[in-house]
Structure formats: structure tokens, C-alpha cells
Amino acid sequence: MNLKSIENIVSLSKRRGFIFQSSEIYGGLGSTWDYGPLGVEMKRKIKNHWWHEMVTSRDNIVGMDAAILMHPNVWEASGHVSNFHDPMVDCKNCNARYRADHVNLDKPCTRCGIKDWTEPRQFNLMFKTSIGPVVDSGEIAYLRPETAQGIFVNYANVQTTSRQKLPFGIAQLGKAFRNEITTGNFLFRTREFEQMEMEFFVHPDDTGKWLEYWSNERLNWFKSLGVSEDKLRLRPHGDDELAHYSSACYDIEYEFPFGWSELEGIADRGTFDLDQHNEHSGKKQQYFDPQTNSRYVPAVVEASAGVDRAFLTCLVDAYTEEEVRGEKRTVLKLSPKIAPITCAVFPLVKKDGQPEKAQKIVKDIRKEFSAFFDMGGSIGKRYRRQDEAGTPFGITVDHDTMEDDTVTLRNRDTMEQIRIPAESVVRALRDKIESLTER
Ligand code: ATP
């Protein structure tokens with residue numbers, strides 16, 4: 001797969017209703033994307049899958065949902081007001097602006113070919129706004145640049161009300177905003193995005209072991225979405241890469257057509273955040289250990305992933321162009337766990353009771369899975385549309401169905417077709433999905 005494939009994926013995403021450019025009829029807003037009917041289903045499935053894996057399937061992690069707007073002191077305490085900067089350089093000749101760590105300052109500007117750089121300057125990535133009707137005298141507010149702080153400031157509320165004992169986690173899913181200078185690569189780096197974050201509170205002596213544990217758990221989660229194992233890796237951060245709050249960190253990376261890039265960071269944040277909030281709010285952020293009868297500030301191991309990057313990874317990994325009987329076939333080989341539509345149902349012809357029979361099957365399937373009814377165009381065209389939508393299964397109702405009550409079940413990837421009784425469609429789908437998604 002090469003960079004051209006990203007263009008093909010962008011165009012398939014639009015053609016099939018996964019992703020549209022934001023405000024397209026006004027010429028679009030740079031690096032901002034809207035999820036269409038298929039995209040929103042797939043994104044929701046990824047989020048639900050994360051929530052189930054991290055919260056509902058575990059005893060020791062609880063969820064929460066904080067407001068996007070928070071007290072401005074939160075961002076003073078977290079270090080984002082003073083530290084959340086990218087050093088930027090401008091080309092004095094053509095005014096192009098780059099992240100200083102993304103260009104070689106000993107070489108000329110790649111845009112105009114002239115070497116005339118400004119000194120690196122700091123640029124804060126937080127979006128600033130003001131609360132109240134009068135802009136000048138209003139209180140400053142920031143759109144949160146990460147969801148994690150909503151968890152830290154609620155640590156005491158959640159711990160006491162949920163009666164969790166250490167080690168335990170708090171998970172949250174929601175929008176975050178960063179005024180990124182260099183955006184691009186489709187959904188990979190945008191200014192508005194969604195995060196899936198889990199902060200795991202542990203005894204300060206235990207962070208090393210939990211960092212290892214969560215790094216592996218999280219890597220396995222990406223594998224469980226069907227992402228190719230040989231394109232995923234866990235990379236420890238070098239000392240020079242660590243964020244201001246972190247003493248050790250792993251990145252989960254995927255090999256995109258534009259190179260290995262981060263999907264999720266798993267970091268040992270130590271007691272940094274709770275210490276900071278302790279100091280800035282004057283409210284104690286501690287844990288009372290009933291076993292030792294002592295109080296201390298818990299340390300944190302964080303797993304922070306981007307929903308949109310997970311989505312892009314699944315799309316890129318699933319995108320396949322192949323030749324079938326001399327014709328090009330484009331197919332998204334998405335796992336049934338996250339495919340927007342699980343099964344499409346097609347009456348072969350628009351008469352003889354076939355549409356009604358197909359609709360009845362759709363109704364049955366929808367009790368458990370998502371289904372889509374389509375009777376427009378030739379059967380070949382209908383299959384191809386669903387291949388591009390990533391629909392793993394197709395059921396065709398034909399003349400024989402009306403005689404012997406059997407239907408054809410087609411597998412998207414192998415294109416194998418088998419005949420099964422109409423009444424066993426849901427059971428057959430259940431079995432096939434189970435065998436395809438064993439993890
Ligand atoms: P990068 O170095 O790629 O900018 P980061 O190290 O700043 O990322 P974190 O602050 O660790 O990112 O954020 C955690 C996760 O949130 C990232 O792994 C990524 O999946 C997601 N994320 C961060 N920034 C963006 C963005 N601008 N667009 C989309 N997703 C993002």
C-alpha cells in the first residue's frame with residue numbers, strides 16, 4: 001500500500017458515506033471531517049467495543065463523562081498553559097510554518113527551496129474562548145486538549161462514590177481539541193478529535209508492572225479489532241520524547257502508508273496530576289489504604305487512544321484492491337465486530353414475493369445484528385457496493401427460496417456462497433461471526 005491508497009480510501013469513504021469533508025458546500029474547513037451514515041455506525045462500534053473491553057467487562061474500572069469546558073485553573077495545574085506548546089519555525093521567504101521538530105533547519109524550505117528560517121517560537125495548542133456575553137471581560141475558558149483532566153479532578157468524587165479500592169481505573173470517552181499546526185493524513189491529525197482514555201490509579205511502587213500490563217492489554221485490543229498483527233508494534237519512548245508529566249511511556253504504532261505512527265500512548269504519569277491538583281485547588285487528592293491505615297497520593301498509569309486514529313487504522317488495514325475473474329474488486333475486509341452493516345439482504349427480482357420475504361429476513365437479523373435491504377441494480381452491482389461498505393455477509397432471496405425456503409449466504413472475503421434454510425439465517429450469522437472473531 002502506498003500514499004496513493006490514502007487518496008483511494010478518502011474517495012471510497014466519501015462514495016460510500018463513511019466520511020465527508022466538513023462544511024463541504026462552503027469549500028470545506030481544512031482537516032475537519034464529518035462522519036456519514038456508515039462512518040458513524042463504525043465509529044460507534046469501535047467506541048462501544050472499547051467501553052465494553054475497558055469498563056463493562058471489568059470489576060475495577062468505572063466510567064464517567066465530564067464537561068468539555070472546565071475551570072481555567074485546571075489547565076494551569078495540569079501544565080497545559082505553560083507546557084503545551086509546539087516550537088514553530090517560519091520560512092521568512094514564503095511564510096510557510098512548520099513544527100520545528102518536523103524540519104531540518106540546516107536544509108532549505110521544502111516549499112520554496114530557500115533557507116531562511118526564523119528562530120523557533122512557542123505556540124500554545126489550546127483553543128481559547130471566553131465565558132459570558134462580553135468577550136473582553138469574560139472569564140477565559142479552554143476547549144479541553146485531552147479528556148484525562150476531567151478524570152483527575154473527579155478522582156475523589158468517583159473513588160468515594162464507587163467505593164473502589166486501589167488499584168482501580170476511571171475511563172472516559174469524548175471530544176478533545178488542539179490547535180494543531182501541522183494537520184493532515186486524513187483523520188490522523190485533526191484539530192477536533194475524540195479520545196478514549198483510562199486512568200489507572202495504583203500504589204506508587206506498582207507503576208512499572210501496570211505499565212507493562214496495560215501496554216499489552218491495549219495492543220491486544222487493536223488486534224481484536226482485526227488489525228493485522230505485523231503492522232502493529234509497541235514502541236518504548238526514549239528519554240527525550242517523554243511528556244513533562246511522564247517517566248516512562250509506550251506508544252502503540254501502526255504502519256500506515258505514510259510510516260509508523262502513534263495510535264495510543266500508555267504512560268506512567270506518576271503522582272504528577274493529583275499532586276498538581278492538590279496544590280492548585282487546596283483539596284486533598286489522596287487514597288486512604290484501610291490495610292495499612294495510611295494516606296497517600298496514588299500514582300497513575302494512563303492508556304490514551306484516539307477514536308479517529310483507531311477508525312483510520314481499521315479502514316486502512318481493511319482496504320483491499322484485488323482482481324476477480326479479470327475485474328478489479330475493491331473491498332473493505334472489516335471485522336464483523338466493527339463493520340457498519342453486518343448483513344445485506346437482496347431479493348434477486350422485484351416480484352414474486354421475493355422483496356417481502358427479504359424484508360422479513362431483514363427484520364429477523366435486526367433483532368441481533370445490523371442489516372440492510374437493497375433491491376436496486378443488478379445483483380453483481382449490489383454485491384460490489386456492499387464489498388466497498390465492508391459488509392461481511394450477504395443473503396440473496398431467489399426463485400428457489402419461494403419453493404424450498406432456502407437462501408444463499410455469501411461471504412464477503414472468500415465470495416463463497418452456501419445454501420441455508422431461511423429460518424436459520426440468524427444462527428448461521430452468529431456462528432460465522434463467532435468463528436471469525438474468536439479473540
Ligand atoms: P502526536 O504526537 O501524534 O501529536 P500526542 O503524543 O500528542 O500525539 P497524546 O497527547 O498522547 O498524543 O494523545 C493521546 C492520543 O490521542 C494519541 O495517541 C492519538 O490517538 C490521539 N490524538 C492526539 N492528538 C490528535 C489529533 N490532533 N488528531 C487525532 N487524534 C489525536
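Because the structure is predicted, anything quoted here is derived from the model rather than measured. Order of listing sets the numbers, starting from 1, for every ligand and every atom in it.
- In this structure, the ring of Tyr296 has its center less than 6.0 angstrom from the ring center of His203.
- The protein atom (non-hydrogen) at minimum distance from atom 22 (N) of ligand 1 is Phe193 CE1, 3.5 Å.
- The shell of residues lying under 4.0 angstrom from ligand 1, judged by heavy atoms, excludes Asp308.
- Within the 4.0 Å heavy-atom criterion, the part of Gln195 lying near ligand 1 is the side chain and not the backbone.
- Applying salt bridge (Lys or Arg N to Asp or Glu O under 4.0 Å) to Glu194 and the options Arg309, Lys47, Arg144 leaves one that passes, Lys47.
- Nearest protein heavy-atom contact of atom 18 (O) of ligand 1 is Glu262 OE2, 2.6 Å.
- Ranking the protein heavy atoms by distance from atom 19 (C) of ligand 1 puts Arg309 NH1, 3.4 Å first.
- Within a 6.0 Å radius of CZ in Arg58, more than 12 heavy atoms belonging to other residues, nucleotides or ligands are found.
- For Ser261 (side chain) and Gly259 (main-chain N/O), a donor-acceptor pair under 3.5 Å exists by modelled atom type.
- For the pair Leu263 and ligand 1, the shortest N or O to N or O distance falls below 3.5 Å.
- Among Ala303, Gly306, Ala267, Pro145, the residue whose heavy atom lies nearest to atom 21 (C) of ligand 1 is Gly306.
- Proximity of Asp251 to ligand 1, defined as any heavy-atom pair under 4.0 Å, is not found for any part of the residue.
- Atoms of ligand 1 found under 4.0 Å from any heavy atom of Glu264 (numbered from 1 in listed order, with element): 18 (O).
- By the salt bridge (Lys or Arg N to Asp or Glu O under 4.0 Å) test, Asp101 is found to be paired with Arg99, residues two or more places apart in sequence or in another chain being considered.
- At least one heavy atom of Arg178 lies less than 4.0 angstrom from ligand 1.
- Remark: ligand 1 atoms within the under-4.0 Å shell around heavy atoms of Glu180 are 24 (N), 26 (C), 27 (N).
- Nearest non-hydrogen protein atom to atom 15 (C) of ligand 1 is Ser304 O, 3.6 Å.
- Taking SG of Cys314 as the reference point, atom NZ of Lys45 lies at 12.5 Å (rounded to 0.5 Å).
- Looking only at distances, a side-chain donor or acceptor of Glu197 sits under 3.5 Å from a matching main-chain atom of Ala148.
- Short contacts between ligand 1 and Phe188, defined as distances under 4.0 Å to a heavy atom of the residue, involve ligand atoms 28 (N), 29 (C), 30 (N).
- The nearest heavy-atom contact from the protein to atom 28 (N) of ligand 1 is Thr190 N, 3.1 Å.
- Taking the centre and axis of the six-membered ring of Tyr142, the NZ or CZ atom of Lys128 falls outside the cone set by 45° and 6.0 Å.
- The shortest contact between atom 4 (O) of ligand 1 and any protein heavy atom is with Arg189 NH1, 2.5 Å.
- If you look at Tyr250 and Trp214, their ring centroids are not closer than 6.0 Å.
- Heavy-atom contacts from other residues, nucleotides or ligands closer than 6.0 Å to CZ of Arg233 number more than 12.
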